[in-house]
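Working notes, beginning with the structure itself.
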Amino acid sequence: MADVFTVLAKDHEEVKGMLAELQKGPTMATGASEDQLALRKKMTEELIIEESKHEALEEMYFWPAVREHLAAGNTLADTATGQEQDAKRVLAELDKLQAGDAEFEKVLGKFIVDAREHIAFEETQVWPGLRTALTGETADELGGKIAEGKKSAPTRPHPNTPASPGVLKAAGPVAAATDKARDKLTGRGAD
């Protein structure tokens, strides 16, 4: 099993790739066709699904480990979960918009900037200290929980759910089941 840093780095690379692709366009303003806008919306849905899973699992497993193992863990985790709560609000708003809507690019652009800042914060401010603080066994265990959790994690942002591991572990399965049912009915996330 991969350690927590390998699992999260893989997620970060996938998200950065999605952000770069979305940033390239084409957009409504640059003359995108209806098919291109539909593809843009589908790409955004995939981003929302992956980010929703990632953030929920970090809040359940990663940030509690940061709090437990680092002297400044509470401050780091509070900053990061605050960023994640803001991101969930932006993603929830983005999820309601179509790629041809006037606000779509503005909301997407905000998410792109914020997501890159959040990834950089994690990788440069949190990971170095946590790499030193965790044993290999603990890092592997966390990586396993996050990787395994993706199968049952929520696929939509839930900005009104507190970033509390206990709340997320209790509400997460219900939210995930509801999200997956809604996704199936709407075809969201389907290939």
Side-chain angles (χ1 to χ4, degrees), residues 1-27 36-66 76-77 79-97 99 103-128 130-131 139 142-159 161 163 168 172 175-176 179-180 183 188-191:
M1 181 53 58
D3 73 21
V4 66
F5 304 104
T6 303
V7 171
L8 294 180
K10 182 177 182 278
D11 284 358
H12 288 180
E13 288 308 310
E14 288 175 7
V15 167
K16 287 190 269 189
M18 290 180 196
L19 298 177
E21 195 65 31
L22 284 164
Q23 198 166 29
K24 283 194 295 191
T27 67
Q36 289 171 318
L37 291 174
L39 178 60
R40 189 161 181 75
K41 175 64 176 176
K42 186 159 185 63
M43 290 170 56
T44 302
E45 288 172 349
E46 287 300 319
L47 174 68
I48 292 167
I49 289 168
E50 292 308 312
E51 274 294 295
S52 296
K53 290 178 182 182
H54 176 86
E55 300 305 347
L57 292 165
E58 277 190 338
E59 289 171 2
M60 279 191 263
Y61 302 111
F62 184 73
W63 298 117
V66 169
L76 292 168
T79 298
T81 56
Q83 292 170 341
E84 290 170 358
Q85 287 298 107
D86 290 344
K88 286 186 234 179
R89 284 188 278 282
V90 173
L91 288 174
E93 183 180 352
L94 187 61
D95 202 26
K96 295 174 189 166
L97 298 171
E103 286 293 302
F104 183 87
E105 295 304 327
K106 179 182 173 188
V107 174
L108 177 60
K110 175 172 179 26
F111 180 77
I112 289 171
V113 169
D114 292 350
R116 287 183 174 143
E117 286 176 8
H118 178 69
I119 288 169
F121 175 79
E122 276 187 37
E123 292 179 355
T124 63
Q125 302 298 310
V126 180
W127 289 10
L130 197 60
R131 278 185 200 277
L142 277 172
K145 286 179 181 178
I146 291 171
E148 185 63 26
K150 286 193 178 204
K151 297 174 189 170
S152 59
T155 60
R156 294 173 185 261
H158 294 275
T161 301
L168 289 165
D179 291 351
K180 288 177 192 321
D183 293 345
R188 181 178 177 270
D191 292 323

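Residue numbers run from 1 in the order of the sequence given.
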Name the residue from Lys151, Lys150, Lys145 that meets the side-chain hydrogen bond (donor to acceptor under 3.5 Å, both in side chains) definition with Glu148.
Lys151
Do the side chains of Phe104 and Leu37 get nearer than 4.5 Å, heavy atoms only?
no
Is any side-chain heavy atom of Glu84 less than 4.5 Å from a side-chain heavy atom of His118?
yes
Under 3.5 Å, which donor-acceptor pairs link side chains of residues 105-114 to any protein atom two or more places apart or in another chain?
unit_1, atom_1, unit_2, atom_2, d
Glu105, OE1, Arg40, NH2, 2.8
Glu105, OE2, Arg40, NE, 2.8
Glu105, OE2, Arg40, NH2, 3.4
Lys110, NZ, Asp114, OD2, 2.7

Taking atom CD of Glu51 and atom CG of Asp11, what is their separation to the nearest 0.5 Å?
8.5 Å
Between Glu93 and Arg89, is there a side-chain N and carboxylate O pair less than 4.0 Å apart?
no
Could you measure the distance from the CD atom of Gln83 to the CD atom of Gln85? Nearest 0.5 Å is fine.
11.5 Å
Starting from the C-alpha separation in whole Å, work towards a yes-or-no answer on salt bridge (charged side-chain N to carboxylate O under 4.0 Å, His left out) for Glu45 and Lys42.
CA-CA 5 Å; Glu45 288 172 349; Lys42 186 159 185 63; 5.1 Å; no
Dump the intermediate steps for side-chain contact (heavy atoms from CB on, under 4.5 Å) on Lys96 and Glu103, then the final yes or no.
CA-CA 11 Å; Lys96 295 174 189 166; Glu103 286 293 302; over 6 Å; no
CE on Met18 to CD on Glu50, rounded to 0.5 Å:
5.0 Å
Which atom of Ala92 lies closest to which atom of Pro157, heavy atoms considered
N-CG, 3.5 Å
Go through it in stages, so that I can follow the logic: the residues are Phe62 and Leu130, the test is side-chain contact (heavy atoms from CB on, under 4.5 Å), and I'd like the CA-CA distance, side-chain angles, deciding distance and then a yes or no.
CA-CA 10 Å; Phe62 184 73; Leu130 197 60; 3.4 Å; yes
To the closest 0.5 Å, what do you measure between NZ (Lys88) and OG1 (Thr81)?
8.5 Å
When rounded to the nearest 0.5 Å, the distance separating NZ of Lys41 from CD of Glu46 is 12.0 Å
Tightest non-hydrogen contact, residues Leu8 and His54, listed as CD2-CE1, 3.5 Å
Does the pair Lys16/Glu13 count as a salt bridge with the N-to-O cut at 4.0 Å?
yes
